[in-house]
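Per chain, numbering begins at 1; letters A, B, ... match sequence-line order. In this text the structure is predicted, and so the values were computed from the model without any measurement.
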Protein chains: 2
Amino acid sequence: MIDPEPAGASEAGGRREEIVEIASRLFAERSYRGVGMRAIASAVGVQPASIYHHFSSKADILDAIIADVTERFIAAHLYLLDPKFVTASSMRQLVTEHVVYFWQHRIAEAVGLRELKELSVARAEHVRRSRRSYQDAWICAIQVGVSGGWLPAQNPRIAALALLSMINGVNAWYREAGPLSIAEVAEMHAEMAVTGVLGGCPEAPP
Amino acid sequence: MIDPEPAGASEAGGRREEIVEIASRLFAERSYRGVGMRAIASAVGVQPASIYHHFSSKADILDAIIADVTERFIAAHLYLLDPKFVTASSMRQLVTEHVVYFWQHRIAEAVGLRELKELSVARAEHVRRSRRSYQDAWICAIQVGVSGGWLPAQNPRIAALALLSMINGVNAWYREAGPLSIAEVAEMHAEMAVTGVLGGCPEAPP
DNA sequence: GACAGTGCCTAACGATCGTTCGTTAGCGTA
DNA sequence: TACGCTAACGAACGATCGTTAGGCACTGTC
């Protein structure tokens, strides 16, 4: 007996979610343009035409994948950078949660990063704005730390961009087979980012 | 009077170099699969079939673009990480030259990063091996610093990967229109990388 | 003056692309 | 029993893809 829905992909969700999940895996492996509707359909176990009962176009699938993975994280964590309350320790916490979240959503994040230009202009702009707000919040928070004297970073903007590059880069090399859990790697990055890149002492904040 | 070879692309080089240059720009903008031979040909000012007098296939153009941009840098700079002579200051120098070189070759580097999977398996493996050797040299050099007591990095491998992510990320956000030159940004990254991420003091080496 | 080589052309090949068509089987409700 | 809805089907659409065949004009060499 073979389970008609083998991969646990569509549990309680239905075809739409199954298509999103399978397509995002394929897009991440072979790129958006490298995967045709026929490939998606056959991976789902369906005829190509059937996909159009769930999505209006191929780009619509991409929209559903990228949708708001990143936005959700940002919206839920911007408070940690609030200029009124930010501390070196809240920064460390944010870096840790950032690394872990991005790893847990690595497939959608990879597609979102790689295929941003394939998105409809409006949606791409929305994603870019959201990322920009996160980046600006980091810059602002670092400026607060510099003004407050508990962060010696010499250029808040450059430091923020370097820090974000560093923690966004984790997905490119981390593998679960290694000796460290993603949580451990995240903690180490929090240390390297805040103590190292920004120069904040472990017992710093106001 | 209009210059028959307007963009200075083919000066003294001929069609082949012109095609590589134009194709790499297009691939960087719209991805390898997003750009057809017809688009390349019309950008060059030639018929699609004519390109096959200079390249045997589309993948061959990609090969020529990626070829050995990265390898050339690595081969020319590995000596700076030689375990017998590496110092905090040679590390700083390498970071600086890395950032500048990668920016100067940003188009080919972007294509090489994004389209590695489109390369023939043998060529892709060659590129990966080359990058791996660079990364391993960094890890080894950092270990030397840790053993020598002049680098407090707690995990050389993670530190190396974080450092490389940080400096490789520059191309993703740096724009020449801003107030800082790439050389200045490179210097700041050398400081953040060696003093910050690795924890080496400015007056450190043996 | 014949010849090979180079660089480019027009035209077309088969394959694959995203998408649309008309149809149908199954199910719940009136 | 009849209706409407959902989800799926096979088949095909026009467009575009990478690539090839064959030919034409020019150049330098014997």
- Message: Side chain of A:Y52 only, heavy atoms from C-beta on: which candidate in C:dG7, D:dT19, C:dT20 is closest?
- Response: C:dT20
- Task: Return the nearest nucleotide to the side chain of B:K58; candidates are C:dC8, D:dT19, C:dT19.
- Result: D:dT19
- Item | Interatomic distance, B:R33 CZ vs D:dT16 C1' [rounded to whole Å] | 14 Å
- Message: Looking only at the side chain of A:S50 (C-beta and beyond, no hydrogens), which of the listed nucleotides C:dG18, D:dA8, C:dG7 gets closest?
- Response: D:dA8
- Can B:E109 and B:R106 be counted as an ion pair, charged N to O under 4.0 angstrom? no
- In sequence, state the C-alpha distance, the side-chain angles, and the governing distance for A:R92 and A:T195, and then conclude on side-chain hydrogen bond (donor to acceptor under 3.5 Å, both in side chains). CA-CA 9 Å; A:R92 267 192 201 85; A:T195 305; 2.9 Å; yes
- Which nucleotide in D:dT20, C:dG18, D:dT19 has an atom nearest any side-chain atom of B:A49: D:dT20
- Item | Atom-to-atom span, CD1 of A:I40 to C1' of C:dT16 - whole angstrom | 14 Å
- Task: Could you tell me the separation between the CG atom of B:L26 and the C1' atom of D:dC17, rounded to a whole number of Å?
- Result: 16 Å
- Answer with yes or no after comparing the ring centroid distance for B:F73 and B:F102 against a 6.0 Å cut-off, counting only values under it. yes
- Task: Answer with base, sugar-phosphate or nothing: what part of the nucleic acid does A:V35 contact at a heavy-atom distance below 4.0 Å?
- Result: sugar-phosphate
- Query: How long is the line joining CE of B:M37 and P of C:dC8, in whole Å?
  - Reply: 14 Å
- Message: If you assign B:H54 and A:P48 each to the DNA chain C nucleotide with the nearest heavy atom, which residue ends up on the more 5' nucleotide?
- Response: B:H54
- Show the numbers, then the answer: is there a side-chain contact (heavy atoms from CB on, under 4.5 Å) between B:M192 and A:L163? CA-CA 10 Å; B:M192 287 187 292; A:L163 183 153; over 6 Å; no
- Item | Length of the CZ-C1' vector between B:F55 and C:dG7, whole Å | 14 Å
- Grab the CD-P distance between B:E17 and C:dG7 for me, whole Å please. 11 Å
- Query: What about A:Y134 and A:H98, are their ring centers closer than 6.0 Å?
  - Reply: yes
- Whole angstrom is fine here: how far is it from NE2 in A:H53 over to P in C:dG22? 13 Å
- Message: Just the rounded figure in Å: distance from P of D:dT20 to CD1 of B:I51.
- Response: 13 Å
- Message: Taking the nucleotide of DNA chain D with the nearest heavy atom to each, does A:R38 or A:Q47 sit closer to the 5' end?
- Response: A:Q47
- Task: Kindly point out which of D:dA8, C:dC8, C:dT19 is positioned nearest to the side chain of B:R15?
- Result: C:dC8
